[in-house]
Amino acid sequence: MRIGILTSGGDCPGINATIRGVGKTAINHYGMEVVGIQSGFQGLISKDVIPLKQKSFSGLLTMGGTILGTSREKPFKKKSNETEIDKPALILKNIKELGLDCVVCIGGNGTQKTAAKLAEIGVNVIGIPKTIDNDVWGTDLSFGFDTAVSIATEAIDRLHSTASAHKRVMVMEVMGHKAGWLALFSGMAGGGDVILIPEIPYSMKNIGDTIIQRLRKGKLYSIVVVAEGIQTDGNKRAAEYIAQEIAHETGFETRETVLGYIQRGGSPTSFDRNLATRMGGYATELIATKQFGRMVVLKGDRIESVPLQEIAGKLKVVTENHDLVVQGRRMGVCFG
């Protein structure tokens, strides 16, 4: 069999480890031929592929980013200024000409949605979920999340010292447009006093009261962790807006920090390396047994798979009864 691997959407720690997991298993165990499709789905449109051999996977386990490059090309989404080109038909034609028996699509929600549509038109496809946001439906965890949580938690740890020294309120913004998993997990791990996520409405009065009560108890600084996707006035970043509102509500000196793309870079944690390796290997097993149109998932401690059609277009979000939210509230953390 000849398989292609592509990486699409935002970069994420662990992508290269996944490419390695797929490629080494395919070549060593199943005797498959492997090619890398460059720049996501754009590579399928332009037939931009490279051969992947044993030596191609050396050093990938610890490397951030993606050796195949990535893009946010959505072949099923027509742009108003585009010429009349049938991208899905062109992809089908190119896959046939390249002799690909299956395409492994490594990516987040948008990638898995596109993979499901490719499966509908007859492409043999396997999806592997990656995102630091941990919002892909159907899997307990996506690789990249653990690394991002570790990076954000370390940043919060460092904010504690400067907040304490200056007796300030420190607001730190992490990624998460629609889902607050990263803010929740890093905020709890870093000892955040206020954690704001898109799924839970907040009141500036409640936030202000929480910070004032902490001062009355002798706690001279506070740490506020916010997801970038929380509701604001629409004109400012989440951290800037919340910092200004806290200063207005309490009169306390407040500073904001935006962690930004640092969360997506660098070497993956050991957990993400192992998860990526397991998911990559299992994807190759699905190909070998011709179980196409599925996405690899983590369920508990087991690697399994679910039909792409079941997860396409869905989003996994934090609920108010999540145990970290419940326990955080019991400990006095303000969620809004």
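As the structure is a prediction and not an experimental result, all values here were calculated from the model. Computation of the quantities below employed the complete heavy-atom set of this structure, encompassing side-chain atoms and omitting hydrogens, waters and symmetry-equivalent molecules.
- Ala238 and Val226 get closest at one heavy-atom pair: CB-CG2, 4.1 Å.
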Residue pair Arg294, Phe292: steps toward the side chain to side chain contact (heavy atoms under 4.5 Å, CB included) verdict: CA-CA 6 Å; Arg294 303 184 71 82; Phe292 303 120; over 6 Å; no
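- Across Asn274, Asn134, Thr269, a single residue satisfies side-chain hydrogen bond (donor to acceptor under 3.5 Å, both in side chains) together with Asp146, and that is Thr269.
- With Lys130 contributing its side chain and Asp11 its backbone, the two residues share no donor-acceptor pair below 3.5 Å.
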Ser305 and Tyr282: CA distance, side-chain angles, deciding distance, side chain to side chain contact (heavy atoms under 4.5 Å, CB included) verdict: CA-CA 9 Å; Ser305 69; Tyr282 193 83; 4.0 Å; yes
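- Using modelled atom types, no side-chain atom of Asp101 and backbone atom of Met1 make a donor-acceptor pair closer than 3.5 Å.
- At least one side-chain heavy atom of Leu159 sits less than 4.5 Å from a side-chain heavy atom of Thr162.
- Around NZ of Lys219, the count of heavy atoms belonging to other residues, nucleotides or ligands within 6.0 Å does not exceed 12.
- When only modelled atom types and interatomic distance are considered, Gln291 and Thr289 share a side-chain donor-acceptor pair under 3.5 Å.
- For Ile126 against Ala283, the heavy-atom pair with the smallest separation is CG2-CB, 3.9 Å.
- For the residue pair Ser46 / Asp48, no side-chain donor-acceptor distance below 3.5 Å is found, with atom types taken as modelled.
- Electrostatic pairing of Glu249 and Lys205 does not count as a salt bridge here, judged by no charged N lying under 4.0 Å from a carboxylate O.
- In this structure, Arg273 contributes its side chain and Pro268 its backbone to a donor-acceptor pair below 3.5 Å.
- Using a 4.0 Å cut-off between charged nitrogen and carboxylate oxygen, Asp135 and Lys316 do not count as a salt-bridge pair.
- Aromatic pair Tyr221/His166: centroids not less than 6.0 angstrom apart.
- Atom CG of Leu275 is separated from atom OG1 of Thr18 by 7.5 Å, given to the nearest 0.5 angstrom.
- Between Ser8 and Thr111, the closest heavy-atom pair is CB-OG1, 3.3 Å.
- Tracing side-chain contacts under 4.5 Å through hydrophobic residues (I, L, V, M, F, W, Y), one reaches Trp181 starting from Leu324; they form part of the same cluster.
- Between the side chain of Gln112 and the backbone N or O of Met295 there is no donor-acceptor pair closer than 3.5 Å.
- Between the Lys113 side chain and the Gly108 main chain, no donor and acceptor come within less than 3.5 Å of each other.
- The environment of Gln54 atom CD is dense: over 12 non-hydrogen atoms of other residues, nucleotides or ligands sit within 6.0 angstrom.
- Formation of a donor-acceptor pair under 3.5 Å by the Lys314 side chain with backbone atoms of Glu310 is found in this model.
- The hydrophobic clustering, which links ILVMFWY residues whose side-chain heavy atoms are closer than 4.5 Å, places Ile200 and Ile242 apart.
- Under 4.0 Å is where a charged nitrogen must lie from a carboxylate oxygen, and between Lys178 and Glu199 no such pair does.
- In this structure, the separation between OG1 on Thr70 and CG on Leu6 is 8.5 Å, given to the nearest 0.5 Å.
- A donor-acceptor pair under 3.5 Å is formed between the side chain of Asn16 and the backbone N or O of Gly65.
- Both Leu220 and Val169 are part of a single hydrophobic cluster, where members link through side-chain heavy atoms under 4.5 Å apart.
- Val225 and Phe252 are assigned to two separate hydrophobic clusters, defined by single-linkage of ILVMFWY side chains at heavy-atom distances under 4.5 Å.
- Considering all non-hydrogen atoms of both residues, Ala183 and Ile197 come closest at CB-CG2, 3.8 Å.
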Ile156 and Met172: CA distance, side-chain angles, deciding distance, side chain to side chain contact (heavy atoms under 4.5 Å, CB included) verdict: CA-CA 7 Å; Ile156 296 169; Met172 190 178 84; 3.2 Å; yes
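- Taking a 6.0 Å sphere around CZ of Arg158, one finds it holds 12 or fewer heavy atoms contributed by other residues, nucleotides or ligands.
- Inter-residue side-chain proximity for Thr319 and His322 is flagged as met; some heavy-atom pair is nearer than 4.5 Å.
- The shortest side-chain heavy-atom distance between Glu33 and Ile27 does not fall under the 4.5 Å cut-off.
- Remark: Asp133 CG to Asn109 CG distance equals 8.5 Å, nearest 0.5 Å.
- Checked for salt-bridge contact, Arg214 and Asp193 meet the test: a charged N lies under 4.0 Å from a carboxylate O.
- Scanning all heavy atoms of the two residues, the minimum distance from Asp157 to Gly190 falls at OD1-CA, 4.0 Å.
- Although no hydrogens or angles enter the test, the distance criterion places a donor-acceptor pair under 3.5 Å between the side chain of Ser267 and the main chain of Thr62.
- Counted within 6.0 Å of NZ on Lys74, heavy atoms from surrounding residues, nucleotides or ligands total 12 or fewer; the atom is thus considered open.
- Salt-bridge check for Arg329 with Glu320: passed, with a basic side-chain N closer than 4.0 Å to an acidic carboxylate O.
- Remark: aromatic rings of Phe271 and Phe143 are distant, center separation not under 6.0 Å.
- At distances below 3.5 Å, not a single donor-acceptor pair connects side-chain atoms of Arg302 with backbone N or O atoms of Val297.
- Looking at Arg168 and Glu253, a side-chain N of the basic residue comes within less than 4.0 Å of a carboxylate O on the acidic one, giving a salt bridge.
- In summary, the side chains of Arg20 and Ser58 do not present any donor paired with an acceptor at a separation below 3.5 Å, with no hydrogens or angles considered.
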Stepwise side chain to side chain contact (heavy atoms under 4.5 Å, CB included) check, Gln213 with Thr210: CA-CA 5 Å; Gln213 287 302 317; Thr210 296; 5.9 Å; no
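- Here Asp86 contributes atom CG and Lys93 contributes atom NZ; the two are 12.0 Å apart, rounded to the nearest 0.5 Å.
- No option in Ile5, Val104, Val22 other than Ile5 meets the side-chain contact (heavy atoms from CB on, under 4.5 Å) test with Val34.
- Between Tyr30 and Ala288, the shortest heavy-atom distance links the atoms CE2-CB, 3.4 Å.
- Thr66 and Thr7 share a donor-acceptor pair across their side chains, judged by distance under 3.5 Å alone.
- When atom types are taken as modelled, the side chain of Glu173 and the backbone of Val258 share no donor-acceptor pair closer than 3.5 angstrom.
- Rounding to the nearest 0.5 angstrom, the gap separating the CG atom in Leu44 from the CD atom in Gln38 is 11.5 Å.
- The local environment of CD1 in Ile262 is sparse, with at most 12 non-hydrogen atoms from other residues, nucleotides or ligands closer than 6.0 Å.
- Both Val318 and Leu298 are members of a single hydrophobic cluster when ILVMFWY side chains are connected at heavy-atom separations under 4.5 Å.
- Atom-to-atom distance recorded for Glu245:CD and Tyr202:OH is 7.5 Å, nearest 0.5 angstrom.
- Between Val103 and Leu118, the closest side-chain pair of non-hydrogen atoms is not below 4.5 Å.
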